[in-house]
2 protein chains.
Amino acid sequence: MKNFSRQREAVKKVLCSTKTHPTAAWIYENVRKELPNISLGTVYRNLNVLSEERSIKKLSFGDGNEHFDGDISPHSHFYCECCGKIYDIAFDATELCKEIADSAKVNITSAACNFSGKCSQCQ
Amino acid sequence: MKNFSRQREAVKKVLCSTKTHPTAAWIYENVRKELPNISLGTVYRNLNVLSEERSIKKLSFGDGNEHFDGDISPHSHFYCECCGKIYDIAFDATELCKEIADSAKVNITSAACNFSGKCSQCQ
DNA sequence: AATTAAATTAAGAATTATTACTGATTTTGA
DNA sequence: TCAAAATCAGTAATAATTCTTAATTTAATT
């Protein structure tokens, strides 16, 4: 019963085929290689649909763009303020979430532990 | 040698007098009560200056706005996806940062541990 | 396979948040 | 006090994202 959309599948495929945590604009450029007529609005809409379905993740680093991640396994991110690169960090916040949900009496559905600074290449 | 600016002081005062993690627009509205002629651009510029000086913090929750926090003591945030409210969480990421900096061999200058879900009022 | 209803699209206009520019004013430091 | 530097208000410009509409595609039903 799941609705099908060639465009949505293509957006997801492109996002899942990179580890670079791209922006909507990058995804748009790359989906166009396969579907030259796709529009930027369609990319944005489907990124939102996918992220509400929780089959992708939306990341905010305060650099003015949303970034997206096709890897939904529990992990965190490091943002290099110098070169702008985003690195995966092997920290799983699941346990931390439980503790915090308990003590703060809230219902946590997702966590984003974002670290920033200078990456080893930029030092 | 520190430069003085009545506007910058007022922006900081307004931000520090609330616990609501407001947006630039909210800060603008409230600074205007004291300085009716201040412009939105000035608010934005000073928020950036203050946040580069690290005397305030910029927060991104992916809701399309930047939020600001005058409380720079180490703590984390919970964003309610339902009502949009932002709550302080008493989690200090300093230790976690050290561990991660060690294992990932990066230089961490700041961390943002943002949790989201439904707050107790919205449940 | 034909038909209809629902979902989705492309294209571009509109909106919103934020930044940049400009000439005038204020602050600093000698 | 006075010139240089910083900052301002106002406005224009930019950039990211959402919205609108008519057309097309997909799904469900015959």
Side-chain angles (χ1 to χ4, degrees), chain A residues 1-15 20-53 55-69 79 81 84 86 112 114, chain B residues 1-15 20-53 55-69 79 81 84 86 114 116:
Chain A
M1 314 313 154
K2 195 188 218 164
N3 291 329
F4 174 82
S5 146
R6 191 187 296 106
Q7 286 86 349
R8 183 137 69 234
E9 295 303 313
V11 165
K12 184 157 185 214
K13 198 179 92 188
V14 164
L15 178 56
T20 62
H21 314 85
T23 62
W26 187 95
I27 294 166
Y28 171 61
E29 285 306 324
N30 283 273
V31 173
R32 256 150 57 105
K33 291 174 187 165
E34 189 175 331
L35 300 175
N37 292 328
I38 197 170
S39 77
L40 184 54
T42 298
V43 171
Y44 271 105
R45 188 165 30 71
N46 282 311
L47 286 169
N48 285 335
V49 169
L50 290 166
S51 117
E52 269 164 34
E53 277 179 12
S55 60
I56 68 173
K57 274 211 123 196
K58 194 192 273 197
L59 313 173
S60 301
F61 297 100
D63 68 339
N65 299 325
E66 301 287 355
H67 294 258
F68 296 89
D69 193 349
Y79 173 74
E81 285 161 355
I86 295 161
N114 297 329
Chain B
M1 320 309 157
K2 192 190 220 165
N3 291 328
F4 175 82
S5 146
R6 191 188 298 106
Q7 288 84 349
R8 182 135 70 234
E9 295 303 313
V11 165
K12 184 157 185 215
K13 198 180 92 188
V14 164
L15 178 56
T20 62
H21 314 86
T23 62
W26 187 94
I27 294 166
Y28 171 61
E29 285 305 325
N30 283 273
V31 173
R32 256 154 52 110
K33 292 174 187 165
E34 189 174 332
L35 300 176
N37 292 328
I38 198 170
S39 77
L40 184 54
T42 298
V43 171
Y44 270 105
R45 187 164 31 72
N46 282 312
L47 286 169
N48 285 334
V49 169
L50 290 166
S51 117
E52 267 163 36
E53 277 179 12
S55 61
I56 68 172
K57 276 210 119 195
K58 195 191 272 196
L59 314 173
S60 301
F61 297 100
D63 68 339
N65 300 325
E66 301 287 356
H67 295 258
F68 296 88
D69 194 350
Y79 174 73
E81 286 161 355
I86 295 161
N114 296 330
S116 46

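Distance, A:Trp26 CH2 to D:dA16 P: 16 Å, rounded to whole Å. The distance between atom CG of B:Asn65 and atom C1' of C:dT15, rounded to the nearest whole Å, is 13 Å. What separates NE2 of B:His67 from C1' of C:dT18 is a distance of 14 Å, to the nearest Å. If you measure from atom CG of B:Asp63 to atom C1' of C:dA17, you get 11 Å, rounded to the nearest angstrom. The interatomic distance linking A:Glu34 (CD) with C:dT9 (P) rounds to 14 Å, in whole Å.
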Nucleotides 5-11 of chain D: protein proximity per nucleotide (B base, S sugar-phosphate only, - neither; heavy atom, under 4.0 Å): -SSBBB-

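Using five terminal pairs a side, the axes of the helix from C:dA1-D:dT30 to C:dA30-D:dT1 at its two ends make an angle of 40°, given in steps of 10 degrees.
Residues meeting the side chain to side chain donor-acceptor pair (under 3.5 Å) test with B:Asn114, sequence neighbours left out: none. Partners of A:Ser60 according to the side chain to side chain donor-acceptor pair (under 3.5 Å) rule, which considers only residues two or more places apart in sequence or in another chain, are A:Glu66. Under the side chain to side chain donor-acceptor pair (under 3.5 Å) criterion, A:Arg32 pairs with A:Tyr28, not counting sequence neighbours. Under the salt bridge (charged side-chain N to carboxylate O under 4.0 Å, His left out) criterion, B:Glu34 pairs with B:Lys13, not counting sequence neighbours. By the ring-ring contact (aromatic ring centres under 6.0 Å, His included) test, B:Phe68 is found to be paired with no residue, residues two or more places apart in sequence or in another chain being considered. Partners of B:Ser5 under the side-chain contact (heavy atoms from CB on, under 4.5 Å) rule, at least two apart in sequence or in another chain, are B:Gln7, B:Arg8. Judged as a side-chain contact (heavy atoms from CB on, under 4.5 Å), and not counting sequence neighbours, the contacts of A:Asn65 are A:Thr23, A:Asp63, A:His67.
Distances shown here put a side-chain N or O of B:Tyr44 below 4.0 Å from the OP1 or OP2 atom of C:dT18.
Between A:Thr20 and A:Ile86, the closest side-chain pair of non-hydrogen atoms is not below 4.5 Å.
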